[in-house]
Amino acid sequence: MKNIVSDYEFTSHYITVDSIDISYVKEGNGSKTLLFVHGLSSNADAWSKNIKYLKKKYTCVALDLPGFGKSAKPNVAYTPTFFSEIIITFIKQLKLKNVILVGHSMGGQASIKVAINQPNIIGKLILVAPAGIETFSKEHGTFMKATFTPEFVAGTTNEQIKNNYALNFYKQPKAVDKMIADRIAIKKASDFDAHCKAISKSIAGMLDDPVSDDLEKIQHKTLVLYGENDMLIPNRYFHPELNVVKIGESAKEKIKHSTLVFVEESGHFLQFEQADRVNNLIEDFVEND
């Protein structure tokens with residue numbers, strides 16, 4: 001068996017992008033398209049609560065980035081620029097129109113690259129707890145890359161997996177049990193080693209391919225969302241002097257046409273933990289021209 005991923009909430013489809021098999025879900029048939037990009041160690045199903053509601057009004061598309069979920073896991077450089085190129089080609093091949101790009105965490109950093117490098121392909125940008133706003137010194141980057149090796153990822157115990165997921169939430173919803181079970185199950189997948197390499201390379205990629213100095217180049221109307229109780233951004237170990245408010249305000253200051261909202265009682269995975277609130281914010285932002 002190539003991979004062991006339980007069924008997503010919605011039907012998976014497949015397309016070949018730059019010789020890489022990409023899995024995605026597509027629901028709804030609205031004139032505006034919401035394209036959802038997941039974060040590190042995640043997949044398209046992370047957006048299921050958002051798609052379930054937003055598909056009533058919009059075309060909702062969520063892809064598994066290369067290296068994750070049901071997509072192929074090639075030996076490539078997993079940088080935000082690489083992901084952005086996949087996203088751009090994906091949009092073109094599916095002929096998606098009136099695209100609002102919605103990126104979470106690592107997917108947010110990749111979405112920023114799309115907005116900067118191919119601005120005309122999207123209409124608006126939504127960043128959900130985006131990576132890339134917080135910056136790291138060369139020494140901190142070197143430490144993280146040396147720590148998060150493929151072997152380290154592969155050796156994560158079931159208890160550590162559960163603890164890692166808990167860090168994403170203010171109050172972990174019961175539905176997260178399915179995500180945890182999936183993460184544990186993929187240890188038995190034939191492409192697990194390739195997945196671990198993808199995670200390790202993705203962490204290095206975010207560090208080596210920054211966006212912080214280019215945020216001023218974003219011309220799109222941008223909605224920036226952070227959970228008030230985010231335990232992953234900023235990094236508490238390297239930046240104890242920072243908090244999520246300072247990170248969010250930095251994003252708002254640098255992105256010209258941006259709106260910043262902090263979602264109460266929510267951690268890093270706010271689109272899942274506070275789905276109703278995030279869905280309403282997305283809908284309001286999309287409709288407000």
Side-chain angles (χ1 to χ4, degrees), residues 8-10 24-39 42-63 96-112 114-115 122-131 133 168-176 178-179 218 220-233 243-245 247-249 251-252 255-289:
Y8 290 173
E9 180 75 18
F10 303 104
Y24 68 97
V25 300
K26 185 178 182 183
E27 298 287 328
N29 57 4
S31 60
K32 295 178 181 178
T33 301
L34 296 173
L35 177 55
F36 298 96
V37 186
H38 64 78
S42 190
N43 56 49
D45 202 43
W47 300 101
S48 58
K49 289 186 175 184
N50 313 104
I51 294 172
K52 187 175 183 179
Y53 173 79
L54 294 166
K55 70 173 185 173
K56 300 171 186 176
K57 184 178 287 190
Y58 311 107
T59 298
C60 292
V61 182
L63 78 162
L96 301 179
K97 304 297 182 184
N98 303 317
V99 175
I100 296 95
L101 190 57
V102 189
H104 175 235
S105 197
M106 179 185 77
Q109 188 167 343
S111 297
I112 290 169
V114 173
I122 64 172
K124 289 183 177 181
L125 180 64
I126 300 175
L127 302 174
V128 183
I133 311 301
N168 283 275
F169 301 96
Y170 175 66
K171 292 182 181 178
Q172 183 170 303
K174 178 65 176 173
V176 175
K178 177 179 180 292
M179 296 182 186
I218 297 174
H220 308 80
K221 287 186 177 180
T222 302
L223 175 63
V224 182
L225 303 177
Y226 279 101
E228 276 192 354
N229 311 98
D230 196 319
M231 291 297 294
L232 299 180
I233 294 179
N243 56 47
V244 70
V245 173
I247 298 297
E249 289 176 345
K252 187 180 189 315
I255 302 173
K256 296 183 183 71
H257 310 292
S258 62
T259 300
L260 172 65
V261 179
F262 294 100
V263 178
E264 295 180 353
E265 297 187 350
S266 180
H268 188 63
F269 215 145
L270 60 158
Q271 78 271 29
F272 196 89
E273 186 171 10
Q274 295 289 352
D276 291 346
R277 173 69 171 138
V278 170
N279 289 340
N280 290 333
L281 287 166
I282 290 174
E283 187 176 17
D284 291 345
F285 177 72
V286 171
E287 295 303 314
N288 183 9
D289 292 327

- Contacts of F269 meeting ring-ring contact (aromatic ring centres under 6.0 Å, His included) (sequence neighbours excluded), chain-then-number -> H104, F169, F272

- Task: Using side-chain contact (heavy atoms from CB on, under 4.5 Å) as the criterion, point out the one residue from V61, L54, I100 that pairs with F36.
- Result: L54

- Task: Could you tell me the separation between the CG atom of N43 and the CE atom of M179, rounded to the nearest 0.5 Å?
- Result: 7.5 Å

- Considering only heavy atoms from C-beta outward, does the side chain of Y53 approach that of N280 to under 4.5 Å? yes

- Query: Are the side chain of S258 and the backbone of T222 linked by a donor-acceptor contact shorter than 3.5 Å?
  - Reply: no

- More than 12 heavy atoms of other residues, nucleotides or ligands under 6.0 Å from NZ of K256: is that the case? yes

- Task: Please test K221 against F285 for side-chain contact (heavy atoms from CB on, under 4.5 Å), starting from the C-alpha separation and ending with a verdict.
- Result: CA-CA 9 Å; K221 287 186 177 180; F285 177 72; 4.1 Å; yes

- Query: How far apart are the C-alpha atoms of E264 and Y170, what are their side-chain angles, what is the distance that settles it, and do they pass the side-chain contact (heavy atoms from CB on, under 4.5 Å) test?
  - Reply: CA-CA 9 Å; E264 295 180 353; Y170 175 66; over 6 Å; no

- Message: Could you check whether atom NZ of K32 has more than 12 heavy atoms from other residues, nucleotides or ligands sitting under 6.0 Å from it?
- Response: yes

- Could you tell me which residues satisfy salt bridge (Lys or Arg N to Asp or Glu O under 4.0 Å) with K174, sequence neighbours excluded, listed by chain and number? D177

- Which pairs with one or both residues in residues 273-285 pass salt bridge (Lys or Arg N to Asp or Glu O under 4.0 Å), sequence neighbours excluded? K57-E283

- Task: Of all the heavy-atom pairs spanning G107 and V37, show the shortest one and how long it is.
- Result: CA-CG1, 3.7 Å

- Item | Pairwise side-chain contact, D45 with K178, heavy-atom cut-off 4.5 Å (strictly under) | yes

- Task: Just jot down the side-chain hydrogen bond (donor to acceptor under 3.5 Å, both in side chains) partners of H268, sequence neighbours excluded, or say none.
- Result: S105, D230

- Message: So does K97 get a backbone contact from the side chain of T33, meaning a donor-acceptor N/O pair under 3.5 Å?
- Response: yes

- Can you tell me how far CG of N243 sits from CD of E228, rounded to the nearest 0.5 angstrom? 11.0 Å

- Message: For S31 versus N98, what's the shortest heavy-atom pair and its separation?
- Response: O-ND2, 3.0 Å

- Message: I'd like to check Y226 versus S266 (side-chain heavy atoms, cut-off strictly below 4.5 Å). Are they in contact?
- Response: no

- Query: Can you tell me how far NE2 of H220 sits from CD1 of I126, rounded to the nearest 0.5 angstrom?
  - Reply: 12.5 Å

- Taking side-chain hydrogen bond (donor to acceptor under 3.5 Å, both in side chains) as the test, write out the residues that go with N229, two or more places apart. none

- Item | Nearest heavy atoms of A62 and W47, plus distance in Å | CB-CD1, 4.2 Å

- Check the pair Y58 / I282 against side-chain contact (heavy atoms from CB on, under 4.5 Å), numbers first and verdict last. CA-CA 11 Å; Y58 311 107; I282 290 174; 5.7 Å; no

- Message: Show, in sequence, the C-alpha distance, side-chain angles and deciding distance for L63 and L35, and conclude whether the side-chain contact (heavy atoms from CB on, under 4.5 Å) test is met.
- Response: CA-CA 8 Å; L63 78 162; L35 177 55; 4.2 Å; yes

- Considering only heavy atoms from C-beta outward, does the side chain of V286 approach that of L223 to under 4.5 Å? no

- Separation between CG (L125) and CD1 (I255), nearest 0.5 Å, reads 7.0 Å

- Please round to the nearest 0.5 Å and tell me the distance separating atom CG of L225 and atom CD of Q274. 12.0 Å

- Write down the atom of N288, the atom of K124, and the distance for their closest heavy-atom approach. O-NZ, 2.9 Å

- Message: For T59 versus G30, what's the shortest heavy-atom pair and its separation?
- Response: OG1-O, 2.8 Å

- ring-ring contact (aromatic ring centres under 6.0 Å, His included) partners for Y24, two or more places apart: H13, F90

- Minimum heavy-atom distance between I247 and I133, given as atom pair plus value: O-CG2, 3.5 Å

